[in-house]
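By convention in this document, chain letters (A, B, ...) are assigned in the order of the sequence lines, proteins followed by strands, and residues within each chain are numbered from 1. Note that the coordinates shown come from a computational prediction; the quantities given were computed from them, not determined experimentally.
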Protein chains: 2
Amino acid sequence: MPETISIIIVEDDEAVREGLRMLINGSEGYHCQAACPSAEDALRTIPEFRPDVVLMDINLPGMNGIECVICIKNAWPEIQVMMLTVFDNTDEIFKSLTAGATGYMLKKTPPAKLLEAISELVNGGSPMSGEIARKVVQTFARPVKHPLPESNLTAREEEILSYLSKGFLYKEIAAELFISIETVRTHIRKIYQKLQVRTRTEALLRCMK
Amino acid sequence: MPETISIIIVEDDEAVREGLRMLINGSEGYHCQAACPSAEDALRTIPEFRPDVVLMDINLPGMNGIECVICIKNAWPEIQVMMLTVFDNTDEIFKSLTAGATGYMLKKTPPAKLLEAISELVNGGSPMSGEIARKVVQTFARPVKHPLPESNLTAREEEILSYLSKGFLYKEIAAELFISIETVRTHIRKIYQKLQVRTRTEALLRCMK
DNA sequence: ATAAAAATCACATCAAAGGGTGATTGACAA
DNA sequence: TTGTCAATCACCCTTTGATGTGATTTTTAT
């Protein structure tokens, strides 16, 4: 968390690019290190500056913004990339997130909100324009739910089993659930008893039947 | 989009519940129709008021908040539910979103931000606290290491992996293949390297696509 | 033929998993 | 009221798993 956030802009439209640069450099705590008109240019420029944040347009001449994000996150996973684009095209949203972008704002966002979003990004958040966030969230929504399959495990045990089967370490489960590792072990012992298994892998295979 | 947003609170802690009610009723454009201490109470109260928004705690006596969301969205899909809870437990987040919640804020959120989130919710957004949004977004991120799809395991490594994924202990694999346990270790070390994993369970999950 | 890759084994070390026993608390039901 | 059960935590201890750093032998490909 630097006191001044260093930023690189990737945007082919000169007016937008310079507008953003002026906004950023005119704001306390934000510094635009470079403003690139193409993805290729950005990939040459980034190693020189190592910015905290990259603002990325999608429609670019040559390599597009999403491919550029893949390159950036491959080489410098610590850099936070925020997509900044005109449309809320569903496909582009998910391709961007898959590529490793952690923010997605529309260009119509007011300047103050944009700066706030950048700040949120470096503070571990994932700023998204409202309609974007809604689309992302709705990919999880299931129209109806089927009642849980018959099992003698308690709700807590089921919960812990689900972490177990995702490969979490005991201490990771403990941290996630805010309980002691001893409690995790106790639960797992009971789960193993009930499932008649002796190891994590057997339990996993059992619940995949 | 009503000019005044009508809201029902579901929260068992009286202090928090009344605090929220006062915040909402003290703010222009927001109206708290009811504040329920339990999910059951909420399900009785909602048909009477038909609120725009429900603020839902998760840890409730009796039916929990997530189950309550399922009931609500089943009966009144147009109602927007925002989870309001203390912890950013990953499992609860995704269960809530799957259940149909479209917002997820932590209780530590400052009052002004909370009102803004409610407003965003009825305007088609999905407000989430920063760390929540990041977790949601990161479920899409693929570790962009392409050299994974084709794992060049040798025949022997494949063989050992198959025992591994059936839950065999190292010494059982060794006995089965008439080799030393040290050799088993060595193979597994190479398998893990190639699959880019660190544990048996991760390897198993990786094999299962 | 010889260099590279695969398969084998050893030792050391640390982290993680699993088993046993026991104890406390709160919820709920007989 | 009492007893059961779920959930929590604390010790003890042993086994298993994972990693590092070697080495030797066999196969395989150039």
Can you measure [X] atom [atom1] to [N] atom [atom2] for me and round it to whole angstrom units?
X         : N       : atom1 : atom2 : result
Glu202(B) : dA17(C) : CD    : P     : 11 Å
Ile188(A) : dC9(D)  : CD1   : C1'   : 15 Å
Ile181(B) : dA7(C)  : CD1   : P     : 19 Å
Ile179(A) : dA6(D)  : CD1   : P     : 16 Å
Asp12(B)  : dG26(C) : CG    : C1'   : 15 Å
Lys194(A) : dC5(D)  : NZ    : P     : 10 Å
Phe178(B) : dC9(C)  : CZ    : C1'   : 18 Å
Leu161(B) : dA7(C)  : CG    : P     : 13 Å

Does the side chain of [X] get closer than 4.0 angstrom to OP1 or OP2 of [N] through an N or O atom?
X         : N       : value
Thr186(A) : dT8(D)  : no
Tyr192(B) : dT19(D) : no
Arg156(A) : dT8(D)  : yes
Tyr170(B) : dT15(D) : no

Students often get this wrong, so: under 4.0 angstrom with heavy atoms, is [X] touching a base, only sugar-phosphate, or nothing?
X         : value
Thr199(A) : sugar-phosphate
Arg198(A) : sugar-phosphate
Thr154(B) : sugar-phosphate

Side chain of His187(A) - closest among dT16(D), dA7(D), dC9(C):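 Looking only at side-chain atoms, His187(A) lies closest to dA7(D).
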The side chain of Ser180(A) lies closest to which of these nucleotides: dC9(D), dG18(C), dA6(D)?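 The answer is dC9(D).
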Could you tell me if the side chain of [Y] sits less than 4.5 Å from the side chain of [X], heavy atoms only?
X         : Y         : value
Lys107(B) : Leu84(B)  : yes
Asp88(A)  : Ser129(A) : no
Asp57(B)  : Arg17(B)  : no

Is the closest basic N to carboxylate O distance between [X] and [Y] below 4.0 Å?
X         : Y         : result
Lys113(B) : Glu116(A) : yes
Arg156(B) : Glu159(B) : yes
Arg21(B)  : Glu18(B)  : yes
Arg134(B) : Glu131(B) : no

Contact nearer the 5' end of DNA chain C, comparing Lys171(A) with Glu182(B):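 Closer to the 5' end of DNA chain C: Glu182(B).
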For Ile24(B) versus Cys32(B), what's the shortest heavy-atom pair and its separation?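 What the structure gives for the nearest pair is CG2-N, 3.5 Å.
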On DNA chain D, nearest-nucleotide positions of Ile160(A) versus Gln193(B): which is more 5'? Ile160(A)
Would you jot down, in residue-number order, the residues of residues 87-96 of chain B having a non-hydrogen atom under 4.0 Å from DNA chain C?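 Under 4.0 Å from DNA chain C: no residue of residues 87-96 of chain B.
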Check whether the side chain of Arg189(B) and the base of dT21(D) form a donor-acceptor pair under 3.5 Å. yes
